[in-house]
Protein chains: 2
Amino acid sequence: MNDEKSKTAARAALTQYIHTKKLRRTPERYAILDKIFDIAEHFSIDMLYAALEQDGFHVSRATLYNSIQLFVDCGLLRKHQFDGKSAQYERVPGTGNHHHLICTQCGRIKEVKDVALVNMLNSRRYPTFHTAYFALYVYGLCSRCQRSNKRKKK
Amino acid sequence: MNDEKSKTAARAALTQYIHTKKLRRTPERYAILDKIFDIAEHFSIDMLYAALEQDGFHVSRATLYNSIQLFVDCGLLRKHQFDGKSAQYERVPGTGNHHHLICTQCGRIKEVKDVALVNMLNSRRYPTFHTAYFALYVYGLCSRCQRSNKRKKK
DNA sequence: TTTACTGCAAATATTTTGCAATATC
DNA sequence: GATATTGCAAAATATTTGCAGTAAA
């Protein structure tokens with residue numbers, strides 16, 4: 001699914017959600033959603049705010065937080081707290097789940113796909129708990145930090 | 001391993017780490033570490049601060065944050081950001097990894113052990129990345145929220 | 001004696017909230 | 001017309017930082 005198509009699909013999903021929840025179709029919500037598909041897969045509120053400002057589209061931070069929460073609620077976005085600072089958001093991929101490798105030294109984040117693992121995860125059932133989705137964080141050292149550590153030891 | 005034993009082991013590990021890093025063995029560090037083993041498996045900085053105050057042992061929040069970071073660095077603690085608010089910490093279990101079921105509605109967190117899954121995770125290798133540990137978060141609805149949702153529908 | 005560590009208070013950063021004005025339904 | 005949503009500013013929350021005094025090595 002290319003970006004224009006997934007943008008259209010996301011708009012439709014939002015419209016659907018707004019309809020069922022009897023909310024309102026404001027221009028802000030659609031503009032923010034569109035922008036999310038124009039910028040990176042991962043973003044922070046601040047990145048999104050800056051990107052919108054650059055376009056000359058001004059929204060308050062309060063609206064940004066509200067809208068993002070709405071998108072999370074309707075399953076279009078996932079929230080991550082990789083570091084202790086600001087939350088990061090990512091679009092929910094239509095298919096092909098991935099997880100995150102997080103370098104404990106430099107904080108760099110890499111996405112990996114691991115089909116076998118995703119299948120295993122999807123087969124898990126926990127009594128009395130109704131699973132919606134998973135987030136797997138793998139902590140360790142990225143290649144760059146492994147190398148720089150070796151250099152230091154010499 | 002019972003609590004007194006794991007407390008002793010943790011103290012020893014801290015001493016070892018402090019020694020190799022040429023840091024200092026301050027009474028605050030050991031008192032904080034001890035307290036961590038007296039309270040819950042999971043805690044926030046605020047809970048820990050309150051618990052210490054209750055004992056009449058005063059440490060500044062700055063010292064608390066510093067010490068906790070030190071414990072994370074030496075592998076005695078893990079940091080989690082379950083919600084967007086304050087960080088939660090948990091003691092690293094000597095053996096028997098577990099993961100977390102997080103209710104997206106009420107925020108309640110439950111721990112589960114899943115040996116098969118842990119074995120699967122431990123067998124994963126990602127090129128150029130040197131894995132240290134995993135954190136798996138399972139999002140969904142807890143039994144209580146499933147029930148309360150059903151009631152609403154009626 | 002050197003300097004890592006502590007406590008305090010101020011600073012920073014992120015997110016939330018109250019409220020009046022506006023726009024959707 | 002009713003009220004959900006917006007923008008703004010202020011508030012709340014969590015964490016970090018600067019610095020002077022203290023104490024571990």
Side-chain angles (χ1 to χ4, degrees), chain A residues 11 14-35 42-53 55-74 77-90 107, chain B residues 11 14-35 42-53 55-74 77-90 107:
Chain A
R11 276 177 159 262
L14 177 59
T15 300
Q16 170 67 25
Y17 185 82
I18 283 176
H19 183 75
T20 61
K21 292 272 177 177
K22 303 204 192 307
L23 304 174
R24 290 179 182 176
R25 311 198 302 130
T26 69
E28 286 82 1
R29 286 173 175 169
Y30 289 91
I32 294 167
L33 187 61
D34 279 354
K35 197 73 220 165
H42 291 80
F43 62 91
S44 64
I45 291 285
D46 245 44
M47 279 170 59
L48 184 55
Y49 182 85
L52 285 160
E53 285 294 313
D55 287 5
F57 191 94
H58 177 78
V59 280
S60 70
R61 273 157 202 287
T63 298
L64 220 42
Y65 278 102
N66 281 341
S67 305
I68 292 297
Q69 184 56 56
L70 183 68
F71 303 157
V72 170
D73 289 343
C74 71
L77 289 185
R78 298 250 166 97
K79 184 178 183 174
H80 295 278
Q81 298 266 146
F82 293 121
D83 51 13
K85 314 229 162 167
S86 63
Q88 299 276 119
Y89 299 88
E90 78 173 335
Chain B
R11 274 178 162 261
L14 177 59
T15 301
Q16 171 67 26
Y17 186 80
I18 283 177
H19 183 76
T20 61
K21 292 273 178 174
K22 303 203 193 307
L23 305 175
R24 290 180 183 175
R25 311 199 302 131
T26 70
E28 286 82 2
R29 286 174 176 170
Y30 288 92
I32 294 167
L33 187 61
D34 278 355
K35 197 74 221 162
H42 291 80
F43 61 91
S44 64
I45 291 284
D46 246 43
M47 281 170 59
L48 184 54
Y49 182 85
L52 285 160
E53 286 293 313
D55 287 4
F57 191 93
H58 177 77
V59 280
S60 71
R61 275 156 202 287
T63 298
L64 221 43
Y65 278 103
N66 281 341
S67 304
I68 291 297
Q69 184 56 56
L70 183 67
F71 302 157
V72 170
D73 290 343
C74 70
L77 290 184
R78 298 248 166 97
K79 184 178 184 175
H80 296 279
Q81 299 267 146
F82 293 120
D83 51 11
K85 314 229 163 168
S86 64
Q88 299 276 119
Y89 298 87
E90 77 174 339

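Residue numbering restarts at 1 for every chain, and letters A, B, ... go by the order of the sequence lines.
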Nearest heavy atom decides the nucleotide; on that basis, is A:Val59 or B:Pro27 closer to the 5' end of DNA chain D?
A:Val59

Of all the choices, D:dA23, D:dG7, D:dA2, which nucleotide is nearest to the side chain of B:Arg24 once you look at every atom?
D:dA23

Quick check: closest heavy atoms across A:Phe57 and A:Ala31, and the distance to 0.1 Å?
CZ-CB, 3.4 Å

Between CD of B:Gln81 and P of C:dA13 the distance, given in whole Å, is 17 Å

dist B:Leu52:CG -> B:Leu48:CG (nearest 0.5 Å) comes out at 5.0 Å

Nucleotide nearest B:Tyr65 when distance is taken to its side chain, options D:dT16, C:dT15, D:dT5:
D:dT16

Write down the distance between CG (A:Leu48) and C1' (C:dT15), rounded to a whole number of angstrom.
15 Å

Regarding the side chain of A:Thr26, the nearest nucleotide among D:dA4, D:dG7, D:dT6 is D:dT6

When the distance from NZ of B:Lys22 to C1' of C:dT3 is rounded to whole Å, what number comes out?
15 Å

How are the rings of B:His42 and B:Phe82 set relative to one another: parallel (under 30°), tilted (30 to 60°) or perpendicular (over 60°)?
tilted

Could you give the NZ-to-P distance, from A:Lys79 to C:dT15, as a whole number of Å?
7 Å

Could you tell me if the side chain of B:Asp34 sits less than 4.5 Å from the side chain of B:Arg11, heavy atoms only?
yes

Closest approach to the side chain of B:Thr63, judged atom by atom: which nucleotide of D:dC8, C:dT6, C:dC8 is it?
C:dT6

Under 4.0 angstrom, heavy atoms only, what part of the nucleic acid is A:Arg25 near: base, sugar-phosphate, or nothing?
sugar-phosphate

In whole Å, what is the span from the OH atom of A:Tyr30 to the C1' atom of D:dT6?
16 Å

Select from A:Glu28 and B:Leu23 the residue whose nearest nucleotide in DNA chain D is closer to the 5' end of that strand.
A:Glu28

I'd like to know if the side chain of B:Arg29 and the backbone of B:Arg24 have a donor-acceptor N/O pair within less than 3.5 Å.
yes

Are any of A:His58's side-chain N or O atoms less than 4.0 Å away from OP1 or OP2 of D:dC8?
yes

Roughly how many Å is it from CG in A:Leu64 to P in D:dG7, rounded to a whole number?
9 Å

In whole angstroms, how far is the P atom of C:dG7 from the CZ atom of B:Phe57?
8 Å

Rounded to the nearest Å, what distance is computed from the CZ atom of residue A:Arg29 to the P atom of nucleotide D:dG7?
11 Å

Please assess A:Gln69 against A:Asn66 for the test side-chain contact (heavy atoms from CB on, under 4.5 Å), listing each intermediate value before the final yes or no.
CA-CA 5 Å; A:Gln69 184 56 56; A:Asn66 281 341; 5.9 Å; no

Quick note, A:Ala87 side chain, CB onward, closest among C:dT15, D:dT5, C:dT6 is C:dT15

To the nearest 10 degrees, what angle separates the axes at the start and end of the helix from C:dT1-D:dA25 to C:dC25-D:dG1, five pairs each?
40°

Look at all strands and tell whether A:Arg61 reaches a base, only sugar-phosphate, or nothing, counting heavy atoms closer than 4.0 Å.
nothing

First locate atom NZ of B:Lys21, then atom CG of B:Asp73, and finally report the distance between them rounded to the nearest 0.5 Å.
7.5 Å

Close side-chain approach of B:Thr63 and B:Thr26, heavy atoms under 4.5 Å:
no

